[in-house]
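Report on the following structure.
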Amino acid sequence: MEQSYADIILPLAIKGRLTYSIPSNLLSLARPGVRALVQLGNRKLYSGIIARIYNNPPGLSKIRPVVDITDPVPVVNERQLKLWRWMSEYYMCSEGEVMKAAVPGILFPEGNTSAPVIEKYKPREESFVQLTKKFNDEELNIILDKLKKAPGQSALLTSYLHLSAFGTATDAGPVRKSVLLKDAGSSAANLTGLIKKGILECISLEVGRLADSRNVTVPLNKLSDSQSAVLDSVHKSFAEKDIVLLHGITSSGKTEIYIHLIEEQLKSGKQILYLLPEIALTTQIILRLQKHFGHLTGVYHSRFSDQEKVEIWKRVADNNPSGGYRLILGVRSSVFLPFSELGLVIIDEEHDGSYKQHDPAPRYHARDTAIMLAGFHGAKTIMGSASPSVESYYNALSGKYGLAELKERFGAVKLPSIVLANTREAYRKKLMVSHFTPELLNAIDEALEKEEQVILFRNRRGFSPYIECPECGWILVCNQCAVNMTYHKSARSMVCHYCGNSTAVPSKCGNCGSPGLATRGFGTEKVEDEIKIVFPAARVARMDQDTTKGKNSFKSIIRAFEERRTDILIGTQMISKGLDFENLTVVGILNADNLLNFPDFRAHERSFQLMEQVSGRAGRRQKQGKVIIQTSDPQNKIIRLMLRHDYYGMYKIQAEEREAFNYPPFCRMIRINLKHKDRAMLNNFAGNLGDDLKQLFGNRVLGPEYPVISQVQLYYIKTILLKIEKHRPLSRAKDMIRESIERIEKLKGSGGLKISVDVDPY
Ligand code: ADP
Ligand code: ZN
Ligand code: ZN
């Protein structure tokens, strides 16, 4: 018999796949996507994934056999393997690194001698109640009539009919026994009675460990005329194009459009991936989706335990609509789930920077990856935003994507009015109360008076970005990074936001020894403190990385605000995105300058998007909202555009600038990061690589340079940026870059050097 070979991906940062032979006793189990146990090095066993099987002997001297195959069925499907391969090529990393990011860790214990078999995972069974047969209305009326003498049983049955949505389109399905008994406030004896009478029966069903929604679903909202028109135009675009950009102002009903598209896909038996940039957002949207699509809807993000992740994997892979998920709502890592028949990908807030993973590899952009994934499934993609990214809008204008536009808010609610508050002037006139202008304070006063709610946005967490000695100017910096340490008041510590390192708050200057260090600048924690002083009667909460560490912390902060137990919510980016609060009328942006002056070619685009998005939270129902933007530069052109909600104006200016200075979407960027603990060695290697690349790419190479943060965790950093014209073959350029890097990595003394590549690093 012919010998078979397998190329295997291991969850390690090694280049390429490894080849093993398949012993004949394992041949029947071997297929792409199953896990195989193999030996690497001397003794260590690793669990990897078989990517390819073939008979042509590879020209290798020594080929070891596969030790074992642990799955009767593939853990990942062929389209996932295809996606991994694409990612590793496009984002210049190994397939193993993609695999590590993609698959729940417990499936691939590193260096273990044995991997857990996926069957070892025990689904939990639970008791459900259902009707013994399909009774019609008349039969049920007779039954209920007869039960008049047994009111307990009658109440229980009525409760069942209600919970199971009897008589609706979704029809009477099984209801969880515990839920039913609780809802009816009934004893198990009543249930036994109904079972004895042959009306109800008990069955055992596999359920997730995850909280399940009740199976009650409600029909979709009717679309407004303008929404219907947009849905039609999306359909028309899909007839010709695979990707449509939905440009709709905040609260125009983009989510409603998605929901209608989802229903169509579900009806035709397809799966849907719905991407959001932030975990906090899933909390509200999931309720909206479950209301319509019940148990078909699942959520996926990094806060789940590995056990829970495996369960979600199984339910996504499960093609049986009674147990499987057909609609997944998730953040960027959801692109890795084992979809088998994706029909639609929705990318909400497509412009959002959180879709890009910067570290570790794969340094991928979830929007662009999801578009590829959709392509592999022959699925359509809709991406939505109130202020699309310049590159997506460019693609829409050039005809590569379809474009649909929603220009009015649902229910003809007006966009919020925007007030500029000049901080420089207020400081000069001594009208500032801590960090608040009179305009903002008045607006908050008014809102509180009317029992309406307020959100204050500040893109910086902690209390003060740094502390300084007023005598000599000394600042406490992280001993591992070239970064000021942030003062966290409630934690009573100084924290480095780059490496997480924390130390005690110094009581005196580290240079001249004088006491009385001053806090400088302000973060969300300080805003919270000060707001409480200015508005002592208001109930104040804060949402940022520090207050949302617990698994359910997002949920409880958001719920408290929804239920009006909070008057003023202070937060970072987290509160800026798609949240929908009925009673929120005032939004304050505490320091717009800070956004606008960020040293990045996208700073203006990002500021506009962020301000537009935060403002979009205000006045989403009957009342018109009010947004106060505090700035020392009210004439700034981005702020002027923002005043008029002029997205197109912003786009035009940005597109012109990018074309003139050669930035995406008019070129592609690849950034190479070099790190070394020894500064001189780093300079040497970076210079060497830079020279090499300049030979190949000429003036397309910028740097090497120290980035703004030039040292993190004891490593000095230098970057080299390549700008490559759109029409040049990118894969050829990548090959050349790879070769140059490999050459540098072979140089003497390069052991301490770390090189990483970031494709589309923005
Ligand atoms: P967007 O996603 O564009 O911000 P949403 O879809 O969240 O807008 O809509 C804003 C608000 O208006 C939501 O509370 C939503 O429930 C409501 N809404 C939008 N369209 C409709 C509709 N056709 N029927 C009922 N309510 C709607
Ligand atoms: Zn640090
Ligand atoms: Zn000092």
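Start at 1 and go down the list; that is how both ligands and their atoms are numbered. Everything quoted here is computed from the prediction, not taken from an experiment.
- Contacts between Asp348 and ligand 1, counted as non-hydrogen atom pairs separated by less than 4.0 Å, are absent for every part of the residue.
- Between Gly253 and ligand 1, an N or O atom pair is found at a separation short of 3.5 Å.
- Ring orientation note: the planes of Tyr355 and His365 are tilted relative to one another, at an angle of 30° to 60°.
- The Zn ion (ligand 3) has Cys469 SG, Cys472 SG, Cys509 SG, Cys512 SG as its protein N, O or S neighbours under 2.8 Å.
- Protein N/O/S atoms found under 2.8 Å from the Zn ion (ligand 2), listed by chain and residue number: Cys478 SG, Cys481 SG, Cys496 SG, Cys499 SG.
- Within the 4.0 Å heavy-atom cutoff, Ile259 does not count among the residues contacting ligand 1.
- Compare Glu349, Lys254, Glu582 by their heavy atoms: the one nearest to atom 3 (O) of ligand 1 is in Lys254.
- Contacts between Asn221 and ligand 1 below 4.0 angstrom, taking non-hydrogen atoms only, involve the side chain exclusively.
- Contacts between Lys222 and ligand 1, counted as non-hydrogen atom pairs separated by less than 4.0 Å, involve the backbone only.
- Between Phe561 and Phe581, the distance separating the two ring centers is shorter than 6.0 angstrom.
- Against a heavy-atom cut-off of under 4.0 Å, Leu223 is close to the following atoms of ligand 1: 23 (N).
- Within the set Ser385, Ser251, Ser224, the minimum heavy-atom distance to atom 11 (C) of ligand 1 is found for Ser251.
- The shortest separation from a heavy atom of Arg288 to ligand 1 is under 4.0 Å, placing the residue in contact.
- Ring-centre distance between Tyr393 and His247: below the 6.0 Å cut-off.
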